[in-house]
Amino acid sequence: MTGQGFPGKLPHAYMTAGTSSFSEFLMQAAPELLPGRRPLPPGDFAEMSAHATTIVALKTAEGVVMAGDRRATSGNYIASRDIEKVFPADAYSLVGMAGTAGLGIELIKLYQVELEHYEKIEGAPLTLNGKANRLATMLRGNLGMAMQGLAVVPLFAGFDNDAPSVAEAGKIYSFDVVGGVYAERDYDSIGSGSIFAKGSLKKRYRRGLSTEDAVKAAVEALYDAADDDSATGGPDPIRDLYPVVMSATAEGSKRIDEATVADLARAVIAARTENPYG
Amino acid sequence: MAMQFYTSPEQIMRDRAEFARKNISRGRNVVVLSCADGVLLVAENVSSALHKVYELYDRIGFAAVGKYNEFENLRTAGVRMADLRGYSYDRRDVNAASLAKAYAQTLGAIFSEQTKPFEVEICVAGVGSSPDGDELYRLTFDGSINDEPGYLAMGGAAEQLVEVLSEGHDSEAPLADAFALALRALSSDGGNGVRRELTTDVLEVAVLERARPGRAFRRIEGLALDALMPSTEAEAELDPDEVLGDEPEDGADTPDKGERPQPSE
């Protein structure tokens with residue numbers, strides 16, 4: 001039963017029954033691929049990787065909208081102007097991240113495989129709550145690195161197919177570095193510009209917004225964040241770079257057309273040229 | 001100490017193969033064929049929860065006959081291998097051939113190392129950008145791997161099914177025609193031109209859609225399956241004497257097609 005004569009044989013970890021989780025399987029089969037399993041020497045490594053910044057998410061009448069700016073910074077230096085920080089987690093949910101960019105993108109990639117893997121093995125997707133809790137569990141594995149300056153904080157939102165009505169189906173979950181998971185009531189924001197984005201949303205958000213209006217509010221909130229936070233990038237008409245905006249509704253998760261977002265962002269710039277205080 | 005009786009390796013292998021073959025032949029059949037719209041996987045399956053046709057990866061499907069717990073074990077291993085490879089390299093680096101080879105090694109190792117071989121026959125199907133690019137691999141309990149481009153059948157009456165498929169298969173045919181052919185093949189498993197009628201509740205149908213980006217696997221169930229079923233007028237053209245109302249009850253000359261009961265675990 002050693003399989004020595006069969007080098008191509010699938011190893012034992014592949015054939016053991018029990019887990020539907022990809023990261024649990026990785027722990028057995030390839031622990032070096034898990035982000036939290038890499039021992040670091042003592043010290044603070046906050047300056048080692050670029051930092052991804054502001055993400056906002058809003059509940060709408062049809063589901064949720066999530067948007068992220070395009071900047072990553074390394075101290076006072078702009079590391080990237082076109083980084084993407086908002087992704088579809090699966091067919092009905094979205095995930096964005098702030099903090100250590102390299103780790104955050106790795107975490108999201110692993111999370112996407114985690115959800116798809118579960119769905120394939122079990123034949124049915126996780127519930128939205130289950131997905132949020134799974135993300136929290138994966139985050140907990142990162143605590144050691146977070147304490148050494150490599151913190152990642154995700155924001156998760158999605159359309160809950162088990163909700164009693166469409167109006168209640170949009171859900172937003174925020175997290176902290178230790179893996180705490182919090183269901184948000186109406187909207188939330190993470191990252192360095194989140195204080196300003198939340199302030200903006202506080203004045204503009206109304207319950208029961210349409211997806212279209214929520215996209216507009218999200219773009220405005222990111223503008224306000226970029227206005228006051230140097231680590232958040234504003235709309236960049238010179239390079240044609242605008243926020244990444246996605247929605248998750250009964251029709252599934254999708255990216256809002258870039259041209260639509262560009263038009264909205266240009267309209268915000270035009271309005272702020274008239275009145276800089278919005 | 002008990003006396004060890006000598007058994008020749010030939011005898012041991014023959015006994016194992018005989019054992020596996022006998023049990024696989026009692027299962028219902030599965031047909032996989034490529035058509036213009038993709039790769040169609042059709043299984044005769046009375047259970048709506050325990051599937052025989054599954055998704056492995058973006059462009060790769062899996063079909064099996066035999067003992068459920070054993071092929072489920074192989075399927076899980078395949079999903080894990082595909083996801084691990086896609087995660088550590090790129091989604092496009094996962095291909096049907098490498099999965100099929102890993103299955104062949106695994107089945108071969110189990111066949112020669114363990115006292116009881118897996119009583120399964122599995123298919124790894126990959127959809128390409130055109131029917132020429134489709135890959136269909138059939139793997140048997142001893143680890144043999146067969147590349148069967150176009151169509152394949154597995155199960156107790158695979159030979160009869162392949163006969164029907166070879167006569168009617170056209171890789172440029174639309175999905176509906178391919179499905180009608182698959183149905184014709186599955187319903188002719190009694191041999192001698194005798195056909196039984198298959199209803200939607202004993203059919204499990206899925207397709208790897210060629211034109212669909214990303215995850216191409218889609219189950220065809222419920223209303224979509226009803227719409228795909230050949231209309232009754234087409235059925236009426238057939239000689240009504242040849243269409244049997246139900247599965248033959250007496251097992252005089254037809255092998256028992258009943259699924260083996262699952263041992264409780």
*To the nearest 0.5 Å, how far apart are CZ in B/R80 and CG in A/L26?*
10.5 Å
*Out of curiosity, B/T76 OG1 to A/L10 CG, how far, rounded to the nearest 0.5 Å?*
11.0 Å
*Please look at B/I110 and chain A and tell me whether the side chain, the backbone, both or neither of the residue comes under 4.5 angstrom of a heavy atom of that chain.*
side chain
_Atom NZ of residue position B/K22 - does it have more than 12 heavy atoms of other residues, nucleotides or ligands inside 6.0 Å?_
no
*Can you say whether B/S112 sits under 4.5 Å from chain A via the side chain, the backbone, both, or neither, judging by heavy atoms?*
side chain
*Separation between CZ of B/R91 and CD of A/E116, rounded to the nearest 0.5 Å*: 4.5 Å
_Top contributor to chain B interface from A/V113, A/T16, A/I121, A/L33 [non-hydrogen pairs under 4.5 Å]_ = A/I121
_Could you report the tightest heavy-atom contact between B/N73 and A/M15, atom names first, then the distance?_
ND2-O, 2.6 Å
*Using a cut-off of 6.0 Å, state whether more than 12 heavy atoms not belonging to B/M13 lie near its atom CE.*
yes
*Part of A/S21 lying under 4.5 Å from any heavy atom of chain B*: neither
*Looking at B/Y103, B/Y87, B/Y54, B/Y57, which one has more heavy-atom pairs under 4.5 Å with chain A than the rest?*
B/Y87
*When you measure from the side chain of A/K120 to the backbone N and O of B/E55, does any donor-acceptor pair fall under 3.5 Å?*
no
*asked:* If I take atom CG from residue B/L84 and atom OH from residue A/Y14, how far apart are they, to the nearest 0.5 angstrom?
replied: 4.5 Å
*Could you look at A/E32 and say if it's the side chain, the backbone, both or neither that has a heavy atom under 4.5 Å from chain B?*
neither
*Residue A/E212 excluded, over 12 heavy atoms near CD under 6.0 Å*: no
_CD-CG distance between A/E114 and B/D83, expressed to the nearest 0.5 angstrom_ = 10.0 Å
*Pick from B/R75, B/R219, B/K101 with the largest number of heavy-atom pairs that fall under 4.5 Å of chain A*: B/R75
*Select all residues of residues 242-260 of chain A having any heavy atom within less than 4.5 Å of some heavy atom of chain B, and report them by number, or 'none'.*
none
